[in-house]
2 protein chains.
Amino acid sequence: MSIAVVNKNAKRGSTVKPDRESTSTPGSSSTKVAPRDRIVTTACELFRQHGIRGIGVDAIAEAASTNKMTLYRHFGSKDDLVCETLRVNSEKSGAMWADIETRFPDDAKAQLGAWVTALSDCLQREPSGCDIANAAVELKEADHPAHAVIENFKILQRGKLTDLCRRTGTQEPETLADTLLLLLEGARVSRQASGLEGPAQCFQRACRNTLTAFGVSTA
Amino acid sequence: MSIAVVNKNAKRGSTVKPDRESTSTPGSSSTKVAPRDRIVTTACELFRQHGIRGIGVDAIAEAASTNKMTLYRHFGSKDDLVCETLRVNSEKSGAMWADIETRFPDDAKAQLGAWVTALSDCLQREPSGCDIANAAVELKEADHPAHAVIENFKILQRGKLTDLCRRTGTQEPETLADTLLLLLEGARVSRQASGLEGPAQCFQRACRNTLTAFGVSTA
DNA sequence: GTCACTTGTTACCGAACGGTCACACCCATG
DNA sequence: CATGGGTGTGACCGTTCGGTAACAAGTGAC
């Protein structure tokens, strides 16, 4: 299957007590991040890079400068860790919404325009697509606990966007919101062969067109 | 990880020579499909159901009423089999294009409308999303041979759709095609929480709106 | 110092996986 | 009947994986 081997050669060569860059130095070197937080951050990154099924708990623990035992003390199973990373990603999205709202208070049209540009920037920055959507594709087991997190996020996101569209005064705010979401999901998936300019520009242009078609002038 | 176990209990219980439903009866029972074809068909289905990483070659062979050895005699590796299934899926898409063209010869607008309805029907029938796009999400290894197949398919699809849009006489046929593709990919991914009516209707409505916005009356 | 708590380390387990081997079997062709 | 190619069967190998056990080491509060 030619699985990308990320695991191999755990030990960093030297046999003497090596570079413990962040651990065991309480307040000195690098802000003393708790193991649990290091694990979550690292897991987010590695899941995005290699897929959930493509990376093992051992490799995650090692990349987080800790070990498997500590990982399993904080998370009962790999599934739990997956859920936690998805939850963190949801919170990141929530932060983006809050940022938009504070930057353009009481201006729904400007907020909607900012949403488009923010997501377009996000698309250009992270070529791996939406972590949550990717997780939904990868986890086919119907009873996987992550599906609740995914479902919850999607409902929340759609609610927020629909509400924002409604506040712009357009008719059919739900149709507009659903169209924008379809464009977003599509852009996140199809990072190949979306024209010369890439899915980010493609997404942005399609959104602008859709907004004008719905009578929303993007301020 | 709570991987869905599809493999277990290979043997059908009875120890006597059991129900060999299709094999060893040359021209009698069920049309005598060659093992290779059975494997490909079964693999397509199982990859869609469980994901490429979620199903093993053993389970595929057994579901195809054959065994692992025969599978490996026809396909050098699981990766080869994956590529073959993606190729088959590409051909199915090609058949759809041919069908549309014969049903509405020399009528680009009607063909485009038929494309929308055909894909919408397809979305409603198969809730698993696009197998090729799913494969792209699941196979993160950059050197996986399937990526060539995927890329090839996407380029082909985009070329056909762009050409069709151009023949409708609209300006910016590429932008229109890219928008429709974004909507399609999005609808295929987001089978959850796309409004009350599901992504299929959502996709269809968004496409109609987009087409009218681009001045293409869907006959 | 002592105690409780969190981490680190190592080894291990059972299962599933991709892939291979050797051998028996069937069946069509000659 | 003999031969040869495609197929079925079961065992096997090496690896990786998720998860656990047992024990040592560090750390902060009292």
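Everything numeric here is computed off the predicted structure, so don't read it as measured data. A note on names: the letters A, B, ... follow the listed sequences, proteins ahead of strands, and every chain is numbered from 1.
Closest-nucleotide positions on DNA chain C for A:Thr70 and B:Val57 were compared, and the one nearer the 5' end corresponds to A:Thr70. Summary of the strand contacts: B:Ala34 and B:Lys68 both lie near DNA chain D, and taking for each the nucleotide with the nearest heavy atom, the more 5' one is attributed to B:Ala34.
If you measure from atom NE2 of B:His50 to atom C1' of C:dA16, you get 15 Å, rounded to the nearest angstrom. At whole-Å resolution of the value, CZ in B:Arg38 and P in D:dT7 are 9 Å apart. For A:Phe75 and D:dG18, the CZ to P distance is 15 Å, given to the nearest whole Å. In this structure, the CG atom of A:Leu81 is 15 Å from the P atom of D:dC17, given to the nearest Å. A straight line from CZ of A:Arg36 to P of C:dG8 spans 15 Å, rounded to a whole angstrom.
Taking 4.5 Å as the limit, every side-chain heavy atom of B:Asp131 sits out of range of all side-chain heavy atoms of B:Cys44.
Between B:His74 and D:dT7 there is a side-chain polar atom (N or O) within less than 4.0 angstrom of OP1 or OP2. Distances shorter than 4.0 Å separate none of the side-chain N or O atoms of B:Thr66 from OP1 or OP2 on D:dT7.
Judged as a salt bridge (Lys or Arg N to Asp or Glu O under 4.0 Å), and not counting sequence neighbours, B:Lys160 has no contacts. When the side-chain contact (heavy atoms from CB on, under 4.5 Å) test is applied to A:Asp80, the partners found at least two apart in sequence or on another chain are A:Phe75, A:Ser77.
Nearest nucleotide to the A:Asn67 side chain, out of C:dT9, C:dG19, D:dG8: C:dT9. Proximity note for A:Arg73 (side chain, C-beta onward) versus C:dT10, D:dG19, D:dC23: the nearest is D:dC23. Of the candidate nucleotides C:dT9, C:dT20, C:dT7, C:dT7 has the atom nearest to the side chain of A:Pro35. Distance from the side chain of A:Tyr72 is smallest to D:dG18 among C:dA22, D:dG18, D:dT7.
The pair A:Arg103-A:Asp99 meets the salt-bridge criterion, since a charged nitrogen lies less than 4.0 angstrom from a carboxylate oxygen.
The base of D:dG19 lies outside donor-acceptor range of the side chain of A:Lys78, with no N or O pair under 3.5 Å.
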